[in-house]
Every structure is written in structure tokens, then in C-alpha cells.
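Notes to accompany the following structure.
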There are 2 protein chains.
Amino acid sequence: MSENDRDSRKTSPYRLHGRVWIDGPEGTFLGYGRVVLLERIREHGSISAAARSMNMSYRHAWDLVESMNRQAPAPLVISRTGGRGGGGASLTEAGERAVRLFRNAWDAYKTFEKEYSRNLRF
Amino acid sequence: MSENDRDSRKTSPYRLHGRVWIDGPEGTFLGYGRVVLLERIREHGSISAAARSMNMSYRHAWDLVESMNRQAPAPLVISRTGGRGGGGASLTEAGERAVRLFRNAWDAYKTFEKEYSRNLRF
DNA sequence: CAGCGTTATGCATGGTGACATATTACGGTC
DNA sequence: GACCGTAATATGTCACCATGCATAACGCTG
């Protein structure tokens, strides 16, 4: 709920609330949680550390990464197994573009939501 | 999925998709399914017939109606038990206003979604 | 006053998705 | 070559929600 604007409650107990995704060939391609996951992978350098940092099970995080990689024209995340530190993962250029794509859509939606909530009267 | 525009897939496999609700004091107040339910109650004159018409269990429909009535300043649905036909339910004026309120928000969101999907490039 | 279909309510069940647990593979490092 | 932490994958468990069933109250109709 931290992503929401509660100001409109000052004037009305009702407010518009919503979520957006970007669908791909298999269904959900990018969503809020998926994109945060991508950003954490960039930040931490591994899927497991990213998952831990947002209290998500590694299994779930891995599934999401796999789903995104399958649906994108090029992998958003590349992972290395074994080696120094056991391996790791990092964002590709396509991954960076995907993050920007969704962030833009998200911001546009949030702008719409705020604007519409402003004059919501029941 | 019948509510979606698939035309944008002609140009790109990716499209924006989302859902909106109107939140009230307890959380969800009005959503797509809830408003369809209200409209069916108006159409059929009973909660159970409305639920049947949209393949929803009576129990679930009743819970939704109760949730909406609790959160609105005045009941959206009034119900009569016993009598001719066993009873029934109908939309109040507040119910009609609630339907319009959500339909307007829904339409506005759908317009935003179509417009944004039009120039979605990955 | 018996019958009917609906409201109103409790309770058991079943399916889905998120989560935890467990195991193997991997390949640099020491 | 043993160790380490991660990737990769299978399997089991739990919480939640919708559904289904079961029952009682209700009040007009015949």
C-alpha cells in the first residue's frame, strides 16, 4: 500500500485504486513486483539476494525471471552458476529497457489515478 | 478477458492491462464484478437470480452485497424476504449512483489503457 | 395452513497460488 | 580436490478464496 496516495481520503472516504501489468505472449510479462525484482537483481547481483531483500522465496523469484526471459525477445537477466561467490545474475540491456518500459507505464497510470481520484464524489 | 482490446497485438505482442477498483472504508467497495452484480440485481429483481445469471454462488453474491451496503452511506440494495416469489432484491437510488460512479471510472481507465497501449514499444 | 422461492447464515470442501524444504549441479578459490 | 554460495529443480505444505451444501426464517398465494 506504500505506493498509494492517501491524501484524497481527506475529502472523501472513496478513492480510485488499480494495478497495471504489461502482458506478453504467455500472459503477465511485467508487473510491479517483477520490475522491483529486476531492480534488486541489478542492485545485488544475484537472484537469491534479490529475493531475500524483498522477502520473496527464491523459487518464486526464479519462476518470475524465467517467465520474463521466455517472453522477451532477448533475456532480461543472465545468470552464472558456480564460480566466485557461487554464481550470480545481472540485468542485460534488454532488462534495463524493460524496467524503463514498465516504470513509464506505471507512472502514467499513477498520474491518471491521482487525477481521477481528485474529483471522485459519491 | 472479454473486456480487453486485442487489436494492439497486431502491431506488438505487448499490451498494457490493468484493473481498477473504488476503495471504501473497509477496502474494496466497487469493482467490475461487483457492479455487474448490481446491474444483474436490477435486471432480475433478486440476488439469487443475479448470481445464477453470472455463474456466481449465492453465498458469494450475498457477501459482496453486504460489503457494499456496509460501506455506502445508504444501502445500494434492499432485499425483501418471504412473500410473493419468496422475496427479492432491488437497486436503490444510491445503487444506481454507485453503478454510474464506477462505470465512469472504468470507462476513463479503459480510454487511458487503449491510448497508452497504442504506442507501447519494447 | 401448506407450499414455494428467496433471504440469511453456518460449515465443509476443493483448487490455486505462494511459500518452505530438500537436493543436485556448477565452477572459481583456497 | 574440498569448500562455498549460488543456480536450478522437484516435492510437499499452507493459506486463502470461491464454491457447494445444508438449514432456518420469512411472508404472500393458492
Side-chain angles (χ1 to χ4, degrees), chain A residues 1 19 21 23 26-72 75-92 95, chain B residues 1 17 19 21 23 26-38 40-72 75-92 95:
Chain A
M1 264 264 241
R19 292 184 182 180
W21 306 266
D23 283 356
E26 297 180 6
T28 302
F29 171 47
L30 299 173
Y32 190 85
R34 287 170 183 241
V35 166
V36 170
L37 178 62
L38 291 180
E39 293 168 333
R40 299 291 177 98
I41 288 172
R42 175 177 51 199
E43 186 185 346
H44 292 95
S46 88
I47 296 177
S48 60
R52 273 197 304 275
S53 82
M54 54 194 295
N55 256 44
M56 177 184 287
S57 70
Y58 172 78
R59 180 62 212 254
H60 188 44
W62 186 86
D63 281 342
L64 294 179
V65 167
E66 233 243 349
S67 164
M68 290 187 275
N69 277 347
R70 266 201 317 268
Q71 298 187 71
L76 308 188
V77 172
I78 51 172
S79 53
R80 304 161 299 283
T81 171
R84 172 192 193 81
S90 54
L91 263 191
T92 65
Chain B
M1 266 263 240
H17 176 225
R19 292 184 181 178
W21 306 267
D23 283 356
E26 298 180 7
T28 302
F29 171 47
L30 300 172
Y32 191 86
R34 288 170 184 237
V35 166
V36 170
L37 178 62
L38 292 180
R40 299 290 177 100
I41 289 173
R42 174 175 54 197
E43 186 185 346
H44 290 96
S46 89
I47 296 176
S48 60
R52 274 197 303 275
S53 82
M54 54 193 295
N55 257 45
M56 178 183 285
S57 70
Y58 172 77
R59 182 63 215 258
H60 187 46
W62 186 87
D63 281 342
L64 294 179
V65 167
E66 233 241 350
S67 164
M68 289 187 276
N69 277 347
R70 266 201 316 269
Q71 298 187 72
L76 308 187
V77 172
I78 51 173
S79 53
R80 306 162 297 285
T81 170
R84 174 192 192 82
S90 53
L91 264 191
T92 65

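In what follows, chains are A, B, ... by sequence order, proteins preceding strands, each numbered from 1.
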Does A:Ser57 or A:Gly83 map to a spot on DNA chain C nearer the 5' end, using the closest nucleotide for each?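 Its nearest nucleotide being more 5', the pick is A:Ser57.
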Closest contact, heavy atoms only, [X] versus [Y]:
| X | Y | value |
| --- | --- | --- |
| B:Leu91 | B:Val77 | CD2-CG2, 4.1 Å |
| A:Ser53 | A:Arg40 | OG-NH1, 2.8 Å |
| B:Ser67 | B:Arg34 | OG-NH1, 3.1 Å |
| A:Ser46 | A:Gly88 | CB-CA, 4.2 Å |

Do A:Leu76 and A:Ile41 have side-chain heavy atoms sitting under 4.5 Å apart?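 They are not in side-chain contact.
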Interatomic distance where [atom1] belongs to [X] and [atom2] belongs to [N] [whole Å]:
| X | N | atom1 | atom2 | answer |
| --- | --- | --- | --- | --- |
| B:Arg84 | D:dC26 | CZ | C1' | 17 Å |
| A:Ile78 | D:dT6 | CD1 | P | 17 Å |
| B:Trp62 | C:dG5 | CH2 | P | 22 Å |
| A:Arg59 | C:dT21 | CZ | P | 15 Å |
| A:Arg80 | D:dA8 | CZ | P | 10 Å |
| A:Asp63 | C:dG17 | CG | C1' | 11 Å |
| A:Glu66 | D:dT9 | CD | P | 7 Å |
| A:His60 | D:dC14 | NE2 | C1' | 16 Å |

Tell me whether the OP1 or OP2 atom of [N] has a side-chain N or O from [X] closer than 4.0 Å.
| X | N | answer |
| --- | --- | --- |
| A:Ser79 | D:dA8 | yes |
| B:Ser48 | C:dG5 | no |
| A:Arg52 | D:dG5 | no |

Which nucleotide in D:dT9, C:dA8, C:dT29 has an atom nearest any side-chain atom of B:Ile47: C:dA8
Which nucleotide in D:dT29, D:dG20, C:dT7 has an atom nearest any side-chain atom of B:Ser46: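 The closest nucleotide is C:dT7.
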